Amino acid sequence: MEGRRYFEYIVVGCGGVGSGTLYWLSKKAGIDVLGLEQFELGHHNGGSQDHSRIIRLAYHDNRYTKLTPDTYKAWEAVEKESGLQLVYNTGGVQFTRKDEMSHVIDAYAKAMAENNISFERLTGSQLRAKFPQFEIDDTYDTIYQPIAGLVDAALANSVHIQLARANGATVLEHCPVQKIEKLPNGRVLVC
């Protein structure tokens, strides 16, 4: 990167979203991608280096639910390229008291049904029979969705950055951004 001052794409922050963005941009633009991280890579100043992050198909809004199948395809591509398992499927449960928030469970069911995502609508006792660790009764409304789980967040960030670098991207740590300014010629200055 010595002497290089222009990049087509600059990603500010290399946590969960930034590292993923670096990776996917680098697949298309290679050396024209720069990632800037204000701290050291893998720092614990935010939430991106946690043990895990949830991944699921279940959402309460059709706009989000439409997007969810592609998240699994994206993670499968990263796992295949890296040779590492990042996603652990466990299944997922949403539940609430019937008298308080059943409309939320209704919204989950509606959004998943509209997108042909399999799920089971269960009473509290049906959920308890299926998963005894849940000590709830029929005052609860529940949904079980078998395609849900966890992503190893810290490892995923590291893998994204390593793959981005392998694709030619430049990633700098200890490089805080002080200013972003649009120049008269239409370019953007990142300082």
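Computed from a predicted model, the values in this text were never measured in an experiment. Heavy-atom basis, side chains included; hydrogens, waters and symmetry copies ignored.
- Linking ILVMFWY side-chain heavy atoms closer than 4.5 Å, directly or via other members, places L22 and L34 in two distinct hydrophobic clusters.
- In this structure, D138 does not pair ionically with R128, as no charged nitrogen and carboxylate oxygen lie closer than 4.0 Å.
- The ring-ring contact (aromatic ring centres under 6.0 Å, His included) test applied to Y9 returns no partner, not counting sequence neighbours.
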Extract all donor-acceptor atom pairs below 3.5 Å that involve side chains of residues 179-191 and protein atoms in other chains or at least two apart in sequence.
{"unit_1": "K179", "atom_1": "NZ", "unit_2": "E181", "atom_2": "OE1", "d": "3.2"}
{"unit_1": "N185", "atom_1": "OD1", "unit_2": "R187", "atom_2": "N", "d": "2.9"}

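- Between V11 and G18, the shortest heavy-atom distance links the atoms CG1-O, 3.6 Å.
- Side-chain contact check for E81 and Y23: at least one donor-acceptor pair (N or O, by modelled atom type) lies under 3.5 Å.
- To the nearest 0.5 Å, the span separating CG on D61 from NZ on K110 amounts to 9.5 Å.
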Check: Do E120 and K130 pass the side-chain contact (heavy atoms from CB on, under 4.5 Å) test, and can you show the C-alpha distance, the side-chain angles, and the key distance before you say yes or no?
Finding: CA-CA 11 Å; E120 292 179 63; K130 190 174 189 91; 3.1 Å; yes

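- Linking ILVMFWY residues whenever their side-chain heavy atoms come closer than 4.5 Å, directly or via other members, leaves I147 and Y88 in distinct clusters.
- Cluster partners of Y64, using a side-chain heavy-atom cutoff of under 4.5 Å among ILVMFWY residues and allowing indirect links, are Y59.
- Scanning both residues, L41 and E173, for their nearest heavy atoms gives N-OE1, 2.7 Å.
- Considering every non-hydrogen atom in both I117 and F119, the closest pair reads O-CD2, 3.2 Å.
- Nearest heavy atoms, R53 versus A153: CG-CB, 4.0 Å.
- Atom CG in L86 sits 7.5 Å away from atom NE2 in H160 (nearest 0.5 Å).
- For Y140, the ring-ring contact (aromatic ring centres under 6.0 Å, His included) partners are F95, not counting sequence neighbours.
- Cluster annotation: L155 is connected to W24 through the hydrophobic network of ILVMFWY side chains, with a link wherever side-chain heavy atoms come within less than 4.5 Å.
- The two atoms that bring S102 and D141 nearest to each other are OG-OD2, 3.4 Å, heavy atoms only.
- The hydrophobic cluster containing L67, built from Ile/Leu/Val/Met/Phe/Trp/Tyr side-chain heavy atoms closer than 4.5 Å, comprises no other residue.
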Margin query: Could you walk me through whether L84 and D152 satisfy the side-chain contact (heavy atoms from CB on, under 4.5 Å) test, starting with their C-alpha distance in whole Å, then the side-chain angles of each, then the deciding distance to 0.1 Å, before giving a yes or no?
Written below: CA-CA 10 Å; L84 296 170; D152 185 328; over 6 Å; no

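- Note that OG1 of T142 and CD of Q126 are 7.5 Å apart. Values are rounded to the nearest 0.5 Å.
- Listed for the Q85 side chain is a donor-acceptor partner under 3.5 Å among the backbone atoms of V87.
- Listed by chain and number, the residues in a ring-ring contact (aromatic ring centres under 6.0 Å, His included) with H43 are F39 (sequence neighbours excluded).
- Here Q145 contributes atom CD and M112 contributes atom CE; the two are 6.0 Å apart, rounded to the nearest 0.5 Å.
- Atom CD1 of I54 sits about 7.0 Å away from atom CG of L150, to the nearest 0.5 Å.
- Between I10 atom CD1 and T170 atom OG1 the span is 10.5 Å, to the nearest 0.5 Å.
- Not a single donor-acceptor pair under 3.5 Å links the side chain of S19 to the backbone N or O of I161.
- Across all their heavy atoms, I105 and R121 have their closest contact at CG2-NE, 3.4 Å.
- V171 and L36 fall into different hydrophobic clusters, where Ile, Leu, Val, Met, Phe, Trp and Tyr are joined by side-chain heavy atoms under 4.5 Å apart, directly or via other members.
- Here R4 pairs with D32 in a salt bridge; the nearest charged N to carboxylate O distance falls below 4.0 Å.
- In terms of hydrophobic clustering, with Ile, Leu, Val, Met, Phe, Trp and Tyr side chains grouped at heavy-atom distances under 4.5 Å, V151 and L163 are assigned to a common cluster.
- Between E76 and K80 there is no salt bridge, since none of the side-chain N atoms of the basic residue sits less than 4.0 Å from a carboxylate O of the acidic one.
- Here the side chain of R97 pairs no donor or acceptor atom with the backbone of D99 at under 3.5 angstrom.
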